[in-house]
Every structure is written in structure tokens, then in C-alpha cells.
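Letters A, B, ... are given to chains in the order of the sequence lines, protein chains preceding strands, and every chain is numbered from 1.
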Protein chains: 2
Amino acid sequence: MSGLSEARSEQTGPTQSWRQATSDAASPRERILAAAAHLFCHEGFAATGVDAIVAQAGAAKTTLYKHFESKEQLIDAVLEREGAAWRRWFFGKLGALRGDARARLLAVFDVLEIWFADPEFYGCPFINAIAEFDTGDERIRAAAAAHKAHLFAWLKAQALECGDSAPDETARQMVVLIDGAIVAAQGARDPSFARTAKGLASIRLEARPDL
Amino acid sequence: MSGLSEARSEQTGPTQSWRQATSDAASPRERILAAAAHLFCHEGFAATGVDAIVAQAGAAKTTLYKHFESKEQLIDAVLEREGAAWRRWFFGKLGALRGDARARLLAVFDVLEIWFADPEFYGCPFINAIAEFDTGDERIRAAAAAHKAHLFAWLKAQALECGDSAPDETARQMVVLIDGAIVAAQGARDPSFARTAKGLASIRLEARPDL
DNA sequence: GGCTGATCATACAGACCTGTTTGTTTAGAG
DNA sequence: CTCTAAACAAACAGGTCTGTATGATCAGCC
């Protein structure tokens, strides 16, 4: 009779995913963000309506508009949250490894493969957002650039720690390999493209013994 | 002078873009397809309405629905046309080159950079479509897979001609580099990512002297 | 001229979208 | 228990979307 919680308890359970399962008891704001992230990234930003989001979140539309001014701002919040959560998970995994910077650079692709193998994997939200909003919405481009800047900074720091004489170029190359692995794995639904990219990274790092 | 290469460079034409400028006198069907391609890829598939397409095409909505059953089928037709036109241009440019297969594999990234530098560059329509329709619409995934299969077959043929002992893996690596260059160039609006990817390809091809 | 088929222009139907309004229900603090 | 703030439910307003229906216009061909 309550009808309140029926829609909330659908994606619980222990998860091996990179993302923590969203608790049923989470705040409405968190439930809305989680549902919006799921739907935006699977069905598309424009194709996902706020009604579908609140339905999946088990929330009321008034609640959504109390926490977010508009759908556009909800998209911004989702991207920021997804980016932060992903970076926490990604750099956390990498930081927990033993080994030197070169080993960490190669381990990037092992962590990517774990990500790709998640049955919920839907690609990089920023790549997807840029693909959908090529023109217009410059704020989305800025959010994507900020995310990429975090990644780039980390990659460059690893290259510097390796003693790389051209850390910027090395970081750019790693960005190309990471983006390429993401897109290829997403398109073909084949996580092993992470290993393909790792092979290239390995050759690249071996080819420069000054690293 | 050289009548041999003339037949292969037929696609370049007087326009500086990879795509022929669509003549105003083209058939309504062609105008609709061109306008739809432009709008779909710049504004997004879901965000582009048929009214905007016919307005830009200078056509009537009835004409659009006489040629295409639905917007969904129009998307299919646009993807097929875009893919065919791009492959004609891309492989045409590469086929016109002198040099062996290894040189052609490296030239891939020079041609990509020309593409990226087009002010109308909006990324790969198939990557963008997959990003927007992650779930649902399996026909779009099939169209993207067919396009990628063409590219993969060409890359593998070049690798075979090089005497590569693992042409499949080499072609996969090139796919990763191409996809990564496309996405990085699109996201940062920086065509030079083609050269970044070329550097990796070069190292990869040099690292295997058996090629 | 008169016929034909394609295209154009406009209005429309029904569904869906974003965002708001109104009022009810719930949960926690004093 | 009372008070309060948040969340819920449902209807609504105004706009936009896909796709259709209805004619008008135009080009070519007899």
C-alpha cells in the first residue's frame, strides 16, 4: 500500500561494479542523481525525460526541481558526480598498487579492462556527452575538459616520475590510447580492447629507455 | 599528367572539405539527407526534429515522409550515406599514395588530421550514434559494426601486405589509435591528436621489424 | 491546352516534454 | 502531541515532437 519504495529496490544487491550500489535509503537527491546517470548514459541525455528519472528514482518531480533548477543543471550535476566518482575509483585502484610509475602507467589498462567488463559499462559519460552535444552547450565541453585535465595531470606526473623528457607528449599519447580503448570497447562490447591498448603503451614505454 | 592517379582522386574536387558541397539543385532526397546529417551530427540525433531538417533542406515535410518511412529510418539512411561517403574519401586518399603498405598505415593519420581540421568536423557519426543510443536500437550498432568492419579489413590487408605475423592484432591496435585520435581531437578541438596517434603507430611499426 | 506526378505549404492529431501548481503525507525535534 | 520542513502525488500549462491530411503549385510530356 505504501507504494513508496517499490521503485527503489531494483538495483540493489552486492555489486562488483566500479560504482557503489546506491542504497535504497539514500537521500532523494542521491537517488535522483543515480537514476539520472543511469538513464542519461544508457538512453541518451536528450532522450531521457525527467518523468523517467523520477520514476526510476522513486521520487517526486517536485523533489527533483527542488534540488535542481532545470534538467540542464541536473545534467551538469550528474557529469560532475560521475566524473568525481570515477576518478576516485580509478586513481584509488592505481594508487593502491606497488611498483614504479611505469608500472602504474601500464596498470591503467588493467583497471580500464575491469571497468569495461562491468555489465553496466556505458562508456565515458563525458565522451558520450560531447558526442551528443557537439555544438551548443559549452558548459558540457568545459566539464569534459576539466575531467580530462585531471586525467592528463596524473598521466603527466607519472611520466615525470619516470624521468620522461617529454611528459606532455607522453600524456597525450596515453590519452589517445585510453580514449581509443574506451570507444572501441564500448562499440564492440569487447573489454579486451584494454589489452590491445596496453600492448601499444608497453611498446611505447619500452621504446624510450630514457624513461 | 598522370592519368593513373586521376581516377582515384575524383572525390577531392574543388571543395576544401572532405565532403562535396551539396548543390542547391540536388534532389530533395539528397538535400534532406545532407541537412539531416549536418543537424544530427552537430545537435544530436534525438535533439534534432524533422521540422528543423526540412527547414534546413528547403523541403516539405511531406516530401521527407515520402522518401523515408520514419525519422528512425532516416537516421539509418544518414549513417549509411555518411559512412559510404567517408570511406570513399578516406580510402581514396590513401589509395592514391605512393609507397608500401607500411607507409599507407602511417599515412592514415595524416588523412585523419585533414579530416579533423575541417571546421565542420563533428567526430565519427557512428561513434556519436553509439554514444547516444547505448542501449536500444540494435540496428545502429549493426551499422557501426559494418563501418568498422570495412576499416578493419583495410587495416588488416595492409598489415598482411607488410608481412605482419599477427595482422588481426595489428589492425585492432590501429583501430584503437584511430578511435582515440578521433575522440581526443573532437573533445579538445585539436587536430594535432592525429600526429600524437601517428607517433604511437610509428613506434609500433618500427618495433616489429618483421613487418 | 490538359494530364500527371512530384513537391510545397499549412494545419492538424495525439503524444510527450519541461516545469509549475496545489494539496496531502511523512519524519523528526521540542 | 505539535510544529515544521521535506517529500509525495497528481493534475495542469504551454510548448514541441512525430507523423498525417488536405490542397496548392510546379515541371514535364502528350
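For the pair B/Tyr65 and A/Lys61, nearest-nucleotide mapping onto DNA chain D gives the more 5' position to A/Lys61. Toward the 5′ end of DNA chain C lies the nearest nucleotide of A/Val50, the other residue of the pair A/Thr62 and A/Val50 mapping further downstream.
One atom, CZ of A/Phe68, and another, P of C/dT20, lie 15 Å apart when rounded to the nearest Å. In this entry the distance linking CG of A/Leu74 with P of C/dG19 reads 10 Å, nearest Å. When rounded to the nearest whole Å, the span between CD of B/Glu43 and C1' of D/dT16 equals 16 Å. Protein atom CZ of A/Phe40 is 12 Å distant from nucleotide atom P of C/dC17, rounded to whole Å. Rounded to an integer number of Å, the gap from CG of A/Leu64 to C1' of D/dA10 is 16 Å. Rounded to an integer number of Å, the gap from B/Asp51 CG to C/dC17 C1' is 15 Å. Separating the CG atom of A/Leu39 from the C1' atom of C/dC17 is a distance of 15 Å, rounded to the nearest angstrom. For B/Glu69 and D/dT18, the CD to P distance is 16 Å, given to the nearest whole Å.
Taking only side-chain nitrogens and oxygens, B/Arg31 never comes nearer than 4.0 Å to OP1 or OP2 of C/dT7. Residue B/His67 places at least one side-chain N or O closer than 4.0 Å to OP1 or OP2 of C/dT7.
Among the heavy atoms of the strands lying under 4.0 Å from A/Ser70 are primed sugar atoms or P, OP1, OP2 only; no base atom is included.
Note on B/Lys198 versus B/Glu113: no salt bridge recorded, every NZ/NE/NH1/NH2 to OD/OE distance being 4.0 Å or above. Using a 4.0 Å cut-off between charged nitrogen and carboxylate oxygen, A/Arg204 and A/Asp164 count as a salt-bridge pair.
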Inset, instruction - Please report the C-alpha distance between A/Lys148 and A/Asp179 in whole Å, then the side-chain angles of each, then the deciding distance to 0.1 Å, and finally whether the salt bridge (charged side-chain N to carboxylate O under 4.0 Å, His left out) criterion is met. - result: CA-CA 10 Å; A/Lys148 270 288 172 0; A/Asp179 284 348; 3.2 Å; yes
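A cation-pi arrangement, defined by a distance under 6.0 Å to the six-membered ring centre and an angle within 45 degrees of its axis, is absent between A/Arg141 and A/Phe133.
In this structure, of D/dT20, D/dA7, C/dT7, it is C/dT7 that holds the atom nearest to the side chain of B/Lys66.
When A/Trp115, A/Phe126, A/Tyr122 are each tested for a ring pair (Phe, Tyr, Trp, His ring centres under 6.0 Å) with A/Trp86, only one passes: A/Trp115.
Residue B/Lys71 places no side-chain atom within donor-acceptor reach of the base of D/dG19, judged by atom type and a 3.5 Å distance cut-off alone.
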